[in-house]
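Below is one structure, written out as structure tokens; comments come after it.
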Amino acid sequence: MQGHSLKLLYFFSFVLFLRVGNAAAASTSVTLYQADSLFAAGLYPAAVEAYESHLRKGYKPTDPMLLKLAYVWEKQGDVAKMLYYLQVYFDRRPDEAILKKMHEVAIQNNLRGYETDDLNYFYLFYKQYGLYITLGLVLLGTYAFGIFWLKYRNHEPARRRHKLIVLAYLTGLLLLVNLPERYQSGIINRDRVLLRRDPSSAAPVADVINRGHKVNILGSQDIWLHVFWNDGLYYVRKDNVWLI
């Protein structure tokens, strides 16, 4: 009798577990459906709350969701959040029109870090054509090392032109490994953020910047980010930056 009761208890516990899991899944899908409906109806604050609630649960945003969030925050006048979502979209889908849009908004609001300079265009070019660059370097390296192998087999001295090809190949490979794929940026998420000379709260303050400025991130140390800002290298607390 006791064994029969335990079996019933296990069965109802299992059924309850399945119902709770299905309810949670349904709740997530309903939230996204409601968010799209709210956005379509022009109820932007409620739509943003629904979208960002979904993101806080750890779900990855879709491309349309990023553009909708950027649009809504622009409508509400929060330039920093608008630029954040556009930057996340740009990092995923590099597009010159998005780059120029961010640059224009930044100029209108006296924000720095969004300049359409050589670095940003190089990053845009690399993200769009990185695969072809990699294939080109592989072909170039195969050709160069093939030539050297033939020279070595035939006991012939290597020509200066071939040495230059190998040098160009190694330089390109070094750039490919060390630059854009590890490139990361962030947007300051509050006003009067302190930039320090060293990764310490006791370090001298080098500059104070406000919400919305973008910094390039070179590395991290404990609670600090090592950033490039206004032609200088500084440290800023991680919780003061939205990472892209």
Side-chain angles (χ1 to χ4, degrees), residues 24-117 119-121 123-125 127-128 183-195 207-217 225 227-230 236-244:
S27 175
T28 299
S29 61
V30 167
T31 299
L32 285 178
Y33 176 78
Q34 288 178 338
D36 289 335
S37 299
L38 292 167
F39 181 87
L43 302 175
Y44 298 132
V48 165
E49 177 56 33
Y51 282 133
E52 293 193 337
S53 173
H54 184 72
L55 297 181
R56 285 192 294 269
K57 295 175 183 176
Y59 294 97
K60 186 177 180 180
T62 63
D63 292 346
M65 186 189 300
L66 291 171
L67 293 177
K68 288 175 182 178
L69 284 166
Y71 175 80
V72 172
W73 284 119
E74 182 180 24
K75 294 279 288 184
Q76 295 188 5
D78 194 329
V79 173
K81 279 205 166 183
M82 172 222 176
L83 289 171
Y84 167 72
Y85 285 114
L86 281 183
Q87 188 69 51
V88 174
Y89 179 86
F90 175 78
D91 193 63
R92 184 186 297 179
R93 297 281 184 267
D95 184 274
E96 188 172 358
I98 296 294
L99 184 63
K100 289 183 176 179
K101 170 69 174 179
M102 290 189 293
H103 177 58
E104 292 171 0
V105 172
I107 288 178
Q108 295 169 2
N109 293 273
N110 297 316
L111 297 174
R112 302 189 61 175
Y114 305 89
E115 295 81 9
T116 52
D117 53 16
L119 176 61
N120 281 327
Y121 269 109
Y123 180 69
L124 172 63
F125 176 82
K127 293 290 285 187
Q128 290 177 328
Y183 175 91
Q184 190 177 18
S185 59
I187 295 176
I188 302 299
N189 60 25
R190 65 188 68 181
D191 287 330
R192 297 197 58 78
V193 169
L194 306 179
L195 299 182
D207 202 351
V208 179
I209 58 177
N210 290 325
R211 191 171 186 264
H213 290 292
K214 189 176 81 168
V215 294
N216 292 320
I217 300 169
L225 294 174
V227 301
F228 181 76
W229 161 258
N230 198 21
V236 61
R237 287 179 59 96
K238 289 181 180 179
D239 56 358
N240 290 328
V241 180
W242 288 321
L243 297 178
I244 304 300

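None of the values given here were measured: they were computed from a predicted structure. All heavy atoms count here, side chains included; hydrogens, waters and symmetry mates do not.
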Identify whether the distance between the nearest side-chain nitrogen and carboxylate oxygen of E104 and K100 falls below 4.0 Å.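 So E104 does not pair with K100 through a salt bridge.
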
[X] (side chain) donor-acceptor with [Y] (main chain) under 3.5 angstrom:
X    : Y    : result
D91  : Q87  : no
R190 : N240 : no
H213 : L111 : no
N189 : D239 : yes

Would E52 and K81 satisfy salt bridge (Lys or Arg N to Asp or Glu O under 4.0 Å), going step by step from the backbone distance to the final call? CA-CA 12 Å; E52 293 193 337; K81 279 205 166 183; 3.6 Å; yes

Residues, nucleotides or ligands: over 12 heavy atoms within 6.0 Å of K238 NZ: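 Check passes, neighbour count above 12.
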
I'd like to know whether CZ of R192 has more than 12 heavy-atom contacts from other residues, nucleotides or ligands below 6.0 angstrom.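 At most 12 heavy atoms, drawn from other residues, nucleotides or ligands, come within 6.0 Å of this atom.
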
Using side-chain contact (heavy atoms from CB on, under 4.5 Å), reason through V215 and F228 one step at a time and then give a plain yes or no. CA-CA 6 Å; V215 294; F228 181 76; over 6 Å; no

Residue pair Y51, D36: steps toward the side-chain hydrogen bond (donor to acceptor under 3.5 Å, both in side chains) verdict: CA-CA 9 Å; Y51 282 133; D36 289 335; 2.4 Å; yes

Closest approach of [X] and [Y], non-hydrogen atoms and distance?
X    : Y    : value
K214 : G113 : CE-O, 2.8 Å
G186 : V241 : CA-CG1, 3.7 Å
L83  : G212 : CD1-O, 4.4 Å
R211 : A80  : NH1-CB, 3.5 Å
A50  : A35  : CB-CB, 3.5 Å
A70  : M82  : O-CG, 3.4 Å

Under 6.0 Å between the ring centres of Y114 and H103?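 Centroid separation for Y114 and H103: 6.0 Å or greater.
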
Step through it carefully: locate the ring centre of Y85, locate the ring centre of Y71, and say whether they are under 6.0 Å apart.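 No, too far apart.
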
Measuring from [X]:[atom1] to [Y]:[atom2], what's the distance to the nearest 0.5 Å?
X    : Y    : atom1 : atom2 : answer
L67  : Y89  : CG    : OH    : 5.0 Å
S53  : Y59  : OG    : OH    : 10.0 Å
D191 : N210 : CG    : CG    : 4.5 Å
F39  : L69  : CZ    : CG    : 8.5 Å

Could you tell me if the side chain of V236 sits less than 4.5 Å from the side chain of L194, heavy atoms only?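 The answer is no, as the side chains (C-beta and beyond) never meet within the 4.5 Å cut-off.
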
Any side-chain heavy-atom pair from V79 and E74 closer than 4.5 angstrom?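 Side-chain contact under 4.5 Å: no.
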
Test log, rule side-chain contact (heavy atoms from CB on, under 4.5 Å), inputs I187 and I244: CA-CA 8 Å; I187 295 176; I244 304 300; 4.2 Å; yes

Determine, step by step, whether R56 and E49 satisfy the salt bridge (Lys or Arg N to Asp or Glu O under 4.0 Å) criterion, reporting the C-alpha distance in whole Å, the side-chain angles of both residues, the deciding distance to 0.1 Å, and the verdict. CA-CA 10 Å; R56 285 192 294 269; E49 177 56 33; 2.9 Å; yes

Passes side-chain contact (heavy atoms from CB on, under 4.5 Å), V227 versus N216? Steps please. CA-CA 5 Å; V227 301; N216 292 320; over 6 Å; no

For the residue pair K75 and Y44, would you count it as a cation-pi contact if the rule is NZ or CZ under 6.0 angstrom from the ring centre and within 45 degrees of the ring axis?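 No, K75 and Y44 do not form such a contact.
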
Could you walk me through whether L66 and L86 pass the side-chain contact (heavy atoms from CB on, under 4.5 Å) check? CA-CA 7 Å; L66 291 171; L86 281 183; over 6 Å; no

